[in-house]
Amino acid sequence: MQVLSVASEVYPLIKTGGLADVAGALPLALKGYGVSVKTLMPGYPAVMRMVENATVRMSFESLLGAKADVLEVEHQGLDLLILDSPTFFDRPGGPYADATGKDHFDNWRRFAALSKAGAIIAQGGMAQGESGWQPDIVHVHDWQAAMVPAYMRYAAEPEIPTLVTIHNIAFQGQFGADIFPYLELPPHAFGIGGVEYFGGVGYLKAGLQTGWAISTVSPSYAEEILTPEFGMGLEGLLAYRAADLHGIVNGIDTGIWNPATDTAVKANYTAASLKTRAANKRAVAERFGLIEDDGPLFCVISRLTWQKGMDLLAEAVGDLVELGARLAVLGSGDRALENAFHAAAAHHPGRIAVLPTYDEPLSHLMQAGSDAIIIPSRFEPCGLTQLYGLRYGCIPVVARTGGLNDTVIDASHAALAARTATGVSFGPVTAGNLRRALRRAVRLYRDPKVWTAMQKQGMKSDVSWEKSAGLYAELYKNLLARKGS
């Protein structure tokens, strides 16, 4: 089976969040199920610097007004199609915003171009070339690629099955109606059955409307987004399409995230040699300038935003210090929240420290050395940091929502007795409940036998892509069966 995946970021070439991890790891996992994936992604400067010996497969004299080439290259086991269009992608800053954090002014055109290129490839754009390749299925990720099925729906060529995966429904790609004339879609596409959304253009809405099937990144989140609280205005459309909605939990690349072989950690270890983690704990404390004592070391590896519940944690950090714990924070985000954590660090020197950046190797060390990772998200489609925590014996303290609920087993009395507990969960998501969860985590930490049992149980959890990749492969097969019926 041949699949075209379209994503705005792919690890290890470019990453701003979990989408990149999925787009990079899922194609590799699907190989074991006889599924071959080519991934179309933008040619950002960082991507173009990393690829070598690429072959031009297609050229556009005008792709929504700009010249573009589609390059094919293999990179670390991934078969990539790179949309090389300097007009759209050769600019400083990140994939979506400039160096000041302001969104690129033409994101609507940049990702419409990515989607249109994906639709053309899907419908045979490369079939006549040297590669002679055409996919059986198209799998697109988030709003940046969600216009692919819309372009396919309104093209003259026959459609092939499409799957739209929602990684976070809060990001929808909403733009004014004034962009519609430049999208090169027929006039009737601007309607409730097409790309129109509350009088403007909605990229994610268009994909959910026109895709053959929809998936999201955990079973709990698939249920949550059918409600007004989590559906972000799209719950009605999703309820209408509920029969086509699937929740498949994310996995992680267990080759990259492996405490026994990880080169980013101070000391490698397994579930049978957990005492070795002490060297990593000392390294984390040293890196963050924290004092060393026998108390627990908590960490945060996150965007500092309201969604992630970081305002609630900022209220609770004093409680952590009173409990004899320390906190290392890696991440940036809302300026007010950054300031709140910096103020806490200044008030509790040596016990709280903040690095307002993202550092991939350091995140590995923190998972390998911290006793627990705090994830108090108000909503979390899947979450990956708790999966890394389970893999590394770093106990997750999580809100009971979305993928956090699906992947972490709370240390209830029954779960502890059955030796199935892997973390501490709480809900509803309030500052008071977070405080209680943190106190419970510290109490558990003070019982080394119980804590070690939880670490080992977490490390036994299947957080790989194997099972989930099988579910995606089955979904692809079902879509192909629908096409043939």
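Nothing here was measured: the structure is a model prediction, and the numbers come from that model.
Aromatic ring pairs are classed by plane angle as parallel below 30°, tilted from 30° to 60° and perpendicular above 60°; the pair His139 and His141 is parallel. Under the 30°/60° scheme for interplanar angles, the aromatic rings of Trp143 and Phe111 are found to stand perpendicular. Using bins of under 30°, 30° to 60° and over 60° for the plane-to-plane angle, the ring pair Trp108/Tyr182 lands in the tilted bin.
Side chains of Ser464 and Thr254: a donor-acceptor N/O pair is absent below 3.5 angstrom, by distance only. Using a 3.5 Å distance cut-off with no hydrogens or angles, the side chains of Ser59 and Asp69 do pair a donor with an acceptor. For the residue pair Tyr96/Ser8, the side-chain donor-acceptor check at 3.5 Å is satisfied. Between the side chains of Arg110 and Asn107, at least one donor-acceptor pair of N or O atoms lies under 3.5 Å. Looking at Asp262 and Tyr392, their side chains do bring a donor and an acceptor atom within 3.5 Å of each other.
For the pair Asn168 (side chain) and Ala170 (backbone), a donor-acceptor distance under 3.5 Å is present. With hydrogens and angles disregarded, a donor-acceptor distance shorter than 3.5 Å links the side chain of Ser218 to the backbone of Gly403. In this structure, the side chain of Trp133 does not engage the main chain of Met126 through any donor-acceptor pair within 3.5 Å. The main-chain N or O of Ala112 is never found under 3.5 Å from a side-chain atom of Ser115 such that the two would form a donor-acceptor pair. Between the side chain of Asp136 and the backbone N or O of Gln2 there is at least one donor-acceptor pair closer than 3.5 Å. Between the side chain of Arg57 and the backbone N or O of Glu72, no donor-acceptor pair lies under 3.5 Å. When atom types are taken as modelled, the side chain of Ser370 and the backbone of Ile373 share no donor-acceptor pair closer than 3.5 angstrom. Side chain of Arg391 to main chain of Trp257: a donor-acceptor pair is present (N/O by atom type, distance under 3.5 Å, no hydrogens or angles). Using a distance-only test at 3.5 Å, with no hydrogens or angles considered, no donor-acceptor pair links the side chain of Asn280 to the main chain of Val265. Between the side chain of Asp359 and the backbone N or O of Leu362, at least one donor-acceptor pair lies under 3.5 Å.
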_Using the rule given for side chain to side chain contact (heavy atoms under 4.5 Å, CB included), can you reason through Tyr221 versus Leu404, listing the C-alpha separation, both sets of side-chain angles and the distance that settles it, and then say yes or no?_
CA-CA 10 Å; Tyr221 194 59; Leu404 302 176; over 6 Å; no
*Val217 and Val249: side chain to side chain contact (heavy atoms under 4.5 Å, CB included), yes or no, with the steps?*
CA-CA 5 Å; Val217 290; Val249 72; over 6 Å; no
*asked:* If you apply the rule side chain to side chain contact (heavy atoms under 4.5 Å, CB included), what do you find for Lys116 with Glu184, and how did you get there?
replied: CA-CA 9 Å; Lys116 184 162 188 180; Glu184 298 179 2; 2.5 Å; yes
*Verify side chain to side chain contact (heavy atoms under 4.5 Å, CB included) between Val300 and Phe341, making sure each step is shown before the conclusion.*
CA-CA 11 Å; Val300 166; Phe341 282 106; 5.9 Å; no
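Within a 6.0 Å radius of NZ in Lys266, no more than 12 heavy atoms belonging to other residues, nucleotides or ligands are found. No more than 12 heavy atoms of other residues, nucleotides or ligands lie within 6.0 Å of CD in Glu466, so this atom counts as exposed by the packing criterion. Within a 6.0 Å radius of CZ in Arg241, other residues, nucleotides and ligands contribute more than 12 heavy atoms.
Atoms CG and CD, from Leu238 and Glu223 in turn, are 13.0 Å apart once rounded to the nearest 0.5 Å. In this structure, CG on Leu19 lies 11.5 Å from CD1 on Ile14, to the nearest 0.5 angstrom. Note that the CZ atom of Phe105 and the CG atom of Asp98 stand 11.0 Å from one another [nearest 0.5 Å]. Here Glu224 contributes atom CD and Glu235 contributes atom CD; the two are 13.0 Å apart, rounded to the nearest 0.5 Å. Atom CG of Asp21 is separated from atom CG of Leu384 by 5.5 Å, given to the nearest 0.5 angstrom. In this structure, the separation between CG on Leu234 and CD1 on Ile214 is 9.5 Å, given to the nearest 0.5 Å.
Annotation: side chain of Leu480 is in contact with side chain of Ile137 (closest heavy-atom distance under 4.5 Å). Val463 is not listed as a side-chain neighbour of Gln386, based on a closest heavy-atom distance of 4.5 Å or more. Between Phe60 and Val70 the shortest side-chain heavy-atom distance falls below 4.5 Å. Between Val201 and Gln174 the shortest side-chain heavy-atom distance does not fall below 4.5 Å. In this structure, Val35 and Tyr472 have side chains that are not in contact, with every pair of non-hydrogen atoms separated by 4.5 Å or more. Two residues are said to be in side-chain contact when any heavy atoms from C-beta on lie closer than 4.5 Å; Lys308 and Arg378 fail this criterion. Inter-residue side-chain proximity for Phe88 and Arg109 is flagged as met; some heavy-atom pair is nearer than 4.5 Å. Side chains of Pro381 and His167 form no contact here, defined as non-hydrogen atoms less than 4.5 Å apart.
One finds no salt bridge joining Asp79 and Lys31 here, because no Lys/Arg side-chain nitrogen approaches an Asp/Glu carboxylate oxygen to under 4.0 Å. Looking at Lys205 and Glu196, no side-chain N of the basic residue comes within less than 4.0 Å of a carboxylate O on the acidic one, giving no salt bridge. Ion pairing between a basic and an acidic side chain is recognised when a charged N comes within 4.0 Å of a carboxylate O; Arg91 and Asp106 show such pairing. The pair Lys467-Asp462 does not count as a salt bridge, with every side-chain nitrogen at least 4.0 angstrom from each carboxylate oxygen. Ion pairing between Lys15 and Glu9 fails under the 4.0 Å rule for side-chain N and carboxylate O. The pair Asp244-Arg482 meets the salt-bridge criterion, with a side-chain N (NZ, NE, NH1 or NH2) lying under 4.0 Å from an Asp/Glu carboxylate O. Taking 4.0 Å as the cut-off between side-chain N and carboxylate O, Glu159 and Lys483 do not count as a salt-bridged pair.
The aromatic ring centres of Phe180 and Phe175 sit 6.0 Å or more apart. Taking the six-membered ring for Trp and the full ring otherwise, Tyr388 and His364 have centroids separated by 6.0 Å or more.
Shown are Asp84, Val51, Leu83; of these, the side chain to side chain contact (heavy atoms under 4.5 Å, CB included) with Leu71 is made only by Asp84. For the pairing with Ser220, the side chain to side chain donor-acceptor pair (under 3.5 Å) check across Asp406, Thr401, Thr407 returns one residue only, Asp406.
Shown here for Ser377 and Glu380, the closest heavy-atom pair between the two residues is OG-OE1, 2.7 Å. Across Gln123 and Ala155, no two heavy atoms sit closer than the pair OE1-CB, 3.4 Å. The shortest heavy-atom contact between Ala260 and Thr270 is CB-CG2, 3.9 Å. The nearest pair of heavy atoms linking Ile121 to Met58 is CG1-SD, 3.7 Å. Annotation for Leu64 and Leu183: closest pair CD2-O, 3.8 Å, computed over non-hydrogen atoms. Among all heavy-atom pairs drawn from Asn250 and Leu387, the shortest one is O-CD1, 3.6 Å.
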